[in-house]
Amino acid sequence: MRDKNIVVKLLNLITIIILYYVSGKNTLFMYASTICLYNMYLSCFQHITIKEILKKYNYHYSKLKILKYVSINIIIICLLFLISSILISDAINIFLKIENTFLPYLIMSLSIITEPLIKILLEYLESYNKPKLSNSLLNLYYIIEFILLILISIITIRIIKIPIYISVSLLYLSKTISFVIISVITYLNIKKENIKYIKVREEKQINYKNEIKEILKNNNHKSIINVVKNSYYYISLIILYAILESKYSYSINTIEKDLTFIYLYGLTFINFVIDIIKNTSKSNKSDSVINYIYIIFEKIITITIIISITSPLICKIIFNNSENSMYLMMLSFLSIFIVLYNTTYEYIKSKKIIYTSLILGIISKLILTIPLVNSFYRMGYNLIYGDIISTIIGTSISIAINYVYIKIKNKNEKTFEKILGTLYESILLCIILVIFQFIVPITKTSYIKSILILMLYISISVMFIQLNIRLKKKQKRG
């Protein structure tokens with residue numbers, strides 16, 4: 001069973017945009033904070049899969065037994081997350097003085113169990129030669145979730161108009177309801193197989209305890225990497241709220257509005273862009289590790305420049321508000337480091353290096369956040385920029401350690417000239433787009449004009465990229 005495809009991720013982006021318009025003047029800060037923690041918790045289950053283990057056995061009883069044991073372990077882990085979520089909600093209530101945190105954090109933590117359970121349940125279904133059905137049901141799970149999320153938000157926020165913290169809590173029911181629906185469909189499909197769960201003699205020799213240990217431990221570093229990556233966002237959100245409210249006396253509404261845009265709407269858009277880059281940059285067998293990293297770097301830096309220059313237009317088109325364009329621009333620069341962060345970790349086999357780079361990166365983030373926020377305040381800039389810069393520095397330290405390790409393992413690769421060439425090309429593209437602003441300025445304008453201007457800027461960028469590709473081909477032939 002595969003992960004979310006690009007269409008499902010597009011639907012997720014559309015759902016979040018609809019949520020932006022449905023919420024209106026209501027700030028969904030509580031949803032932004034809980035979804036950041038939700039993603040952090042969910043990352044813990046990324047490595048858990050029963051697909052390969054199930055291939056080893058032809059016995060129906062053994063397969064069911066593995067499904068049950070893994071499910072029990074997932075439930076136990078989720079109970080620990082439930083306890084920690086309650087403690088976190090209490091801490092936020094006491095130290096940040098944010099009221100009504102208990103219910104949203106409680107319902108969020110209860111819904112964590114749905115995705116890992118649906119994953120292994122569909123892998124179990126797939127083991128009976130139903131991969132297409134399994135993937136279809138997974139996509140259906142997300143589609144139902146998105147539809148329910150929109151319906152619940154409209155009913156609770158626009159029609160009934162209940163308190164926002166209750167609305168946020170109810171939004172997580174979309175995950176639970178979709179889980180129940182897909183579980184029932186899966187059960188009915190398995191029942192059609194008329195499987196007889198009879199224990200045979202050979203199954204007595206199976207050590208289920210060792211099998212479950214292997215499932216939980218195998219590739220667990222991948223989950224740890226994603227947990228740390230998502231912790232950057234949650235740490236930023238909490239620390240920023242505390243600093244802006246207590247030290248600099250920002251209004252609560254302004255803090256919640258800005259942080260919700262960055263860590264819910266803006267980050268969802270940027271993550272979608274990152275997913276597009278990943279899907280269009282599949283590694284070929286002929287590509288070396290360093291060369292693949294260079295290809296990723298080349299694409300992300302070009303897209304970052306386009307987004308950063310046209311961010312007022314993008315914000316106007318998507319959010320009907322260009323005021324937050326600077327946040328989108330900063331997030332687009334952060335995306336360079338997120339992509340390289342993810343990519344470099346894919347090629348490191350040494351767990352010692354992985355854990356060292358993760359720890360040094362997150363510690364740097366924690367140490368630098370407050371000093372950088374204070375520095376940006378003294379310089380007269382937006383304080384949130386200081387936090388984003390601290391994230392960039394933290395991830396950069398991890399990337400640097402990873403890259404040095406990869407470079408040592410691939411000594412014959414020469415990429416400095418390529419990277420330098422890409423930087424020159426990116427600077428040239430940036431200069432062209434900046435100069436073009438004098439001809440067709442990016443100003444506050446109507447919705448239709450914003451679309452036309454954005455298309456014009458994208459066209460110029462595409463023409464520049466195509467011309468650059470042709471020049472490179474001519475140089476190779478020469």
Measure from the side-chain N and O atoms of [X] to the backbone N and O of [Y], and report whether any donor-acceptor pair falls under 3.5 Å.
X	Y	result
Asn135	Pro131	yes
Tyr241	Leu259	no
Tyr105	Thr34	no
Thr304	Ser332	yes
Thr310	Leu313	no
Ser223	His47	yes
Tyr21	Asn320	yes
Glu126	Ser134	no
Arg158	Ser153	no
Tyr341	Ile336	no

[X] side chain near [Y] side chain, heavy-atom distance below 4.5 Å:
X	Y	value
Asp387	Leu372	no
Leu37	Met108	yes
Tyr263	Ser33	no
Ile147	Leu151	yes
Pro116	Leu42	yes
Ser357	Ile397	no
Val8	Phe146	yes
Ile224	Tyr355	yes

Ignoring hydrogens, what is the shortest heavy-atom contact between [X] and [Y]? Give both atom names and the distance.
X	Y	answer
Ile182	Leu137	CD1-O, 3.7 Å
Asn39	Ser43	O-OG, 2.7 Å
Ile399	Phe337	CD1-O, 3.3 Å
Pro441	Ile453	O-CD1, 4.3 Å
Asn189	Lys130	O-NZ, 3.6 Å
Ser311	Ser325	OG-O, 3.3 Å

Can you tell me how far [atom2] of [Y] sits from [atom1] of [X], rounded to the nearest 0.5 angstrom?
X	Y	atom1	atom2	value
Lys51	Ile215	NZ	CD1	14.0 Å
Glu346	Tyr292	CD	OH	5.5 Å
Lys119	Leu122	NZ	CG	11.0 Å
Ile296	Thr344	CD1	OG1	11.0 Å
Ile274	Leu334	CD1	CG	7.5 Å
Ile393	Ile367	CD1	CD1	11.5 Å

With a cut-off of 6.0 Å (strictly less than), are more than 12 heavy atoms of other residues, nucleotides or ligands near [atom1] of [X]?
X	atom1	value
Ile448	CD1	no
Gln437	CD	yes
Phe464	CZ	yes
Lys351	NZ	yes

Just checking, is any N or O donor in the side chain of [X] or [Y] under 3.5 Å from an acceptor N or O on the other one?
X	Y	value
Lys278	Thr343	no
Tyr233	Thr391	no
Tyr248	Asn374	yes
Ser322	Lys316	no
Glu115	Tyr142	yes
Glu256	Thr27	yes

What class does the angle between the rings of [X] and [Y] fall in, given that below 30° is parallel, 30 to 60° is tilted and above 60° is perpendicular?
X	Y	value
Tyr31	Tyr172	tilted
Tyr265	Tyr20	perpendicular
Tyr385	Tyr327	perpendicular

Open item on the list: Just to verify, which of Ile35, Asn230, Asn226, Val228 counts as forming a side-chain contact (heavy atoms from CB on, under 4.5 Å) with Met40?
Closed with: Asn230
Open item on the list: Checking side-chain contact (heavy atoms from CB on, under 4.5 Å) between Met30 and each of Thr260, Leu171, Val168, which is the one that passes?
Closed with: Val168
TODO: Would you sort out whether Leu267 and Ile262 count as a side chain to side chain contact (heavy atoms under 4.5 Å, CB included), showing the intermediate values?
DONE: CA-CA 6 Å; Leu267 201 58; Ile262 294 167; 6.0 Å; no
Open item on the list: Apply side chain to side chain contact (heavy atoms under 4.5 Å, CB included) to residues Met330 and Ile389 and explain how you reach the verdict.
Closed with: CA-CA 9 Å; Met330 291 296 290; Ile389 295 297; 3.9 Å; yes
Task: From CA spacing to verdict: ring-ring contact (aromatic ring centres under 6.0 Å, His included), Phe179, Tyr141 - done: CA-CA 7 Å; Phe179 168 75; Tyr141 166 80; 7.4 Å; no
